[in-house]
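Following: one structure in structure tokens, then a few remarks.
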Amino acid sequence: EAAVTQSPRNKVAVTGGKVTLSCNQTNNHNNMYWYRQDTGHGLRLIHYSYGAGSTEKGDIPDGYKASRPSQENFSLILELATPSQTSVYFCASGDPDWGIYEQYFGPGTRLTVL
Amino acid sequence: GDSVTQMQGQVTLSEDDFLFINCTYSTTWYPTLFWYVQYPGEGPQLLLKVTTANNKGISRGFEATYDKGTTSFHLQKASVQESDSAVYYCVLGGTQVVGQLTFGRGTRLQVYA
């Protein structure tokens with residue numbers, strides 16, 4: 001069965017440090033997404049990608065970069081981590097069907113920035 | 001831009017109770033609406049999709065419809081089970097950015113045996 005995996009599953013980082021969250025999908029989907037989940041906010045879109053080499057800003061991109069080196073891999077990069085970036089991060093993949101389609105989510109990465 | 005309002009933060013029921021969760025949405029285009037469910041320790045997964053107003057989406061005993069007139073959509077189940085305990089998200093399918101999903105805040109459902 002097609003899958004989205006994330007690594008690491010848990011991460012503790014220090015303020016000002018660099019953090020890289022990785023996502024791999026075997027769905028062969030063109031689009032991939034990074035969200036963060038916080039109590040009271042649901043899931044909010046940080047960055048997304050239409051394919052290898054493409055990255056686009058979502059609704060809350062400040063403080064985050066993204067990289068899509070291949071169809072399968074999509075990374076989220078925090079160059080200078082801050083405590084406000086403590087959250088659970090989800091990666092997802094999907095493939096458009098005239099604009100409306102579902103997304104398949106990974107299990108999440110819990111990031112704590114001290 | 002697109003937005004979704006999900007007011008019920010927590011719902012507590014007993015087994016065999018009726019479930020009803022309501023959301024409202026705002027968009028300038030024709031919406032497709034989803035319900036996603038998230039179990040503890042997992043990512044969200046699709047529960048239901050509704051592409052046409054007043055038509056039902058049905059899955060695993062859950063039903064969903066939306067009303068264009070009131071820009072509302074809801075999820076219901078006639079008889080919940082303890083295994084239905086999870087967080088339920090109403091989600092608006094992207095109308096401005098292809099494939100983008102806009103999530104509501106989520107409703108945590110706790111069902112007691």
Side-chain angles (χ1 to χ4, degrees), chain A residues 1-7 9-10 21 23-25 27 29-51 54-61 74 87-110, chain B residues 1-10 21 23-25 27-53 55 57 59 64 66 73 86-108:
Chain A
E1 186 174 316
V4 179
T5 57
Q6 295 181 232
S7 63
R9 293 295 312 278
N10 290 281
L21 306 183
C23 178
N24 177 274
Q25 58 110 351
N27 298 325
H29 287 157
N30 287 323
N31 289 28
M32 295 185 74
Y33 306 83
W34 277 106
Y35 295 86
R36 63 178 284 175
Q37 182 180 48
D38 302 288
T39 303
H41 289 280
L43 277 79
R44 293 180 290 174
L45 183 65
I46 306 169
H47 283 288
Y48 60 101
S49 168
Y50 291 124
S54 146
T55 61
E56 306 289 337
K57 293 181 179 179
D59 297 324
I60 53 165
F74 191 37
S87 187
V88 180
Y89 292 85
F90 287 96
C91 175
S93 74
D95 223 340
D97 177 10
W98 202 61
I100 306 297
Y101 58 92
E102 57 216 66
Q103 293 179 13
Y104 298 85
F105 284 82
T109 294
R110 183 173 296 277
Chain B
D2 296 345
S3 68
V4 176
T5 302
Q6 187 171 2
M7 297 299 294
Q8 297 158 280
Q10 172 117 11
I21 304 173
C23 291
T24 57
Y25 67 90
T27 181
T28 56
W29 199 239
Y30 299 102
T32 290
L33 298 157
F34 302 85
W35 285 95
Y36 274 74
V37 58
Q38 184 178 22
Y39 298 102
E42 300 181 10
Q45 58 183 270
L46 180 67
L47 176 62
L48 282 169
K49 178 169 70 175
V50 184
T51 56
T52 309
N55 281 352
S59 175
Y66 80 87
F73 63 124
V87 179
Y88 293 81
Y89 290 98
C90 46
V91 181
L92 176 61
T95 59
Q96 296 173 344
V97 175
V98 171
Q100 184 169 347
L101 299 179
T102 301
F103 280 76
R105 295 182 177 185
T107 298
R108 181 175 299 278

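Within every chain, numbering begins at 1; the chains are lettered A, B, ... in the order of the sequence lines, protein sequences first and strands thereafter. Side-chain atoms are counted along with the backbone in the values below, which use heavy atoms only and exclude waters and symmetry mates.
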Part of [X] within contact of chain B (heavy atom distance under 4.5 Å):
X	answer
A:D38	neither
A:R9	side chain
A:L45	side chain
A:Q6	neither
A:Y104	neither

- Within the 6.0 Å centroid threshold, strictly below: A:H47 and A:Y33: no
- Aromatic contact, A:F74 with A:Y48 (centres under 6.0 Å): no
- Message: What I'd like to find out is whether the side chain of A:S49 reaches to under 4.5 Å of the side chain of A:N31, using heavy atoms alone.
- Response: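 A:S49 vs A:N31: side chains apart.
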- Message: I'd like to check A:F90 versus B:Q38 (side-chain heavy atoms, cut-off strictly below 4.5 Å). Are they in contact?
- Response: yes
- ring pair (Phe, Tyr, Trp, His ring centres under 6.0 Å) test vs B:W35 passes for just one of B:F73, B:Y88, B:Y89, namely B:F73
